[in-house]
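Comments concern the structure below.
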There are 2 protein chains.
Amino acid sequence: MLQPAEIDASETLTERQQAVLDAALRLLVEEGDNLTMTAVARRASCSKETLYKWFGDRDGLLNATVQWQASKVRVAAIDRERLDIGSLTASLERFASDWLKVISSDTSIALNRVAVSHAGSGKDDLGAIVLQNGRFALAKRLKPVLEAGQQAGLLDFEDAETAFRTFFGLVGRDVQIRLLLGDRVELTGATIGGDAARATQQFLALFGAKTGPLAHRAG
Amino acid sequence: MLQPAEIDASETLTERQQAVLDAALRLLVEEGDNLTMTAVARRASCSKETLYKWFGDRDGLLNATVQWQASKVRVAAIDRERLDIGSLTASLERFASDWLKVISSDTSIALNRVAVSHAGSGKDDLGAIVLQNGRFALAKRLKPVLEAGQQAGLLDFEDAETAFRTFFGLVGRDVQIRLLLGDRVELTGATIGGDAARATQQFLALFGAKTGPLAHRAG
DNA sequence: GCCGAACCGTAACGTACGGTACGCCTGAGG
DNA sequence: CCTCAGGCGTACCGTACGTTACGGTTCGGC
């Protein structure tokens, strides 16, 4: 489990196939896991036979859909030039804000829901894929920032993984599970910004290096 | 959504019905959401007709099963007598440890999985029930402790809800979503204890009152 | 011993849906 | 114009499963 799944979807998929997957994605958001092949075919204006020829079976279609969405959210890593407390704080806040926006988006919720369902009866690796492109991709992008902060003497931790997980917890808190379980969490742009700032300050309070001024501790 | 669901299951259910629900629960853990009425009937050594007479339909059975499990984990609140930094720390650690044990248990994972699935297509309130007896029940039990800590001058926060959510995040971090998505997270008794202690210390570092000694900051 | 209620086991029904087959259309190549 | 591959639409098949119906059995009350 949890191998990177490096295949770049945009290479091996034709324009038309991508359109079909987009349709499947929209339908997944609307209908959840109980979308039917017929519905996908109708929505995508293609025949079921084509669906089966391209994607094998229903699980194949779901797999391709999830990977397709994953391939769309690739983001460039942050360059670590001139790191001071200000830019580090900004980076962390930006990560937190982006992450909150992602997990509260309709498509993320829908995708996580199907992945969780399928993780129960292990017929495919949807859970692994979502995990890989969600939580683990985030870690891979954030860890260099944390380590750069450490080398710049701004942060103090033993294990980047542990530090990351703490940051993850401070940012996400109970939001994701509540959303997945259908709770209506108020997440406007403003509250996201506030939460990102709060989480960042708390993280800095926990892992900021004792040497050097940490400046403002909001509260 | 999210009304308390105060009905006490152990009152209105006969011994036999509880046994049937226990069987359904075990099956739910093993099979996930794709358990069949036939399988439940066979496992419980009862007839399908009885199942339908007692619980209406499949969703009714699932609902009753989830509520039945929920009714089993009622826990007494903590009495707030003589609160010092030691007992407060112990309480928090105990909460954290209990919570980690719960969310990493097979039945919790299975229940959360079905609830998440069903939250997608809103045919019932499984998500609300799980939320109510999980995250919100925890808050209800923990908040008095936090407020007692505040009144004792040990903690400093403006909003108990916010403080609780931070604690929740520090304890859970990425564990629950990883488990739900099928990742094998190493959670032995020892690591749970360590995580609970770490989360508690981090929480105290963030919300411990500046006045008064906070003693050991493990790190 | 008899009755009715509750319940077990199982057969049967209806339907939804995954998967397949087939006829028709279009559009590129010759 | 002809051909043919690729793809659309749709009818069709098989099956799994929710739901119902029914005969047989146990058990408390008379």
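Worth knowing before you read on, the calculation uses all heavy atoms, side chains too, and leaves out hydrogens, waters and symmetry mates. Throughout, a chain's letter reflects where its sequence line sits, starting with A, and its residues are numbered from 1.
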Decide yes or no on salt bridge (Lys or Arg N to Asp or Glu O under 4.0 Å) for B:R135 and B:E161, but give the supporting numbers first.
CA-CA 12 Å; B:R135 134 83 236 233; B:E161 171 73 6; 3.3 Å; yes
Kindly indicate, with the supporting measurements, whether the criterion side chain to side chain contact (heavy atoms under 4.5 Å, CB included) is fulfilled by B:K53 and B:T50.
CA-CA 5 Å; B:K53 182 185 296 183; B:T50 304; 5.5 Å; no
Using atom [atom1] of [X] as one end and atom [atom2] of [N] as the other, report the distance to the nearest whole Å.
X: B:L62; N: D:dG18; atom1: CG; atom2: C1'; answer: 13 Å
X: A:Y52; N: C:dC17; atom1: OH; atom2: P; answer: 12 Å
X: B:L51; N: C:dT10; atom1: CG; atom2: P; answer: 15 Å
X: A:K53; N: C:dT20; atom1: NZ; atom2: C1'; answer: 12 Å
X: B:R16; N: D:dC27; atom1: CZ; atom2: P; answer: 13 Å
X: A:M37; N: C:dA16; atom1: CE; atom2: P; answer: 18 Å
X: A:E31; N: C:dA16; atom1: CD; atom2: C1'; answer: 14 Å
X: B:N34; N: D:dT15; atom1: CG; atom2: C1'; answer: 16 Å

Using a 4.0 Å heavy-atom cut-off across all strands, classify [X] as base, sugar-phosphate, or nothing.
X: B:K48; answer: base
X: B:R42; answer: nothing
X: A:L35; answer: sugar-phosphate

Quick check on A:D106: does its CG atom have over 12 non-hydrogen neighbours (other residues, nucleotides or ligands) under 6.0 Å away?
no
Check whether B:E93 reaches the backbone of B:G193 with its side chain - one donor and one acceptor, N or O, closer than 3.5 Å.
no
Phosphate-side-chain proximity, [X] and [N], N/O vs OP1/OP2 below 4.0 Å:
X: A:T50; N: D:dC8; answer: yes
X: B:R58; N: D:dA16; answer: no
X: B:W54; N: C:dA6; answer: no

Starting at the 5' end of DNA chain C, which residue's closest nucleotide do you reach first, A:D59 or A:E49?
A:D59
What's the shortest heavy-atom distance between A:R58 and A:D33, and which atoms?
NH2-O, 2.5 Å
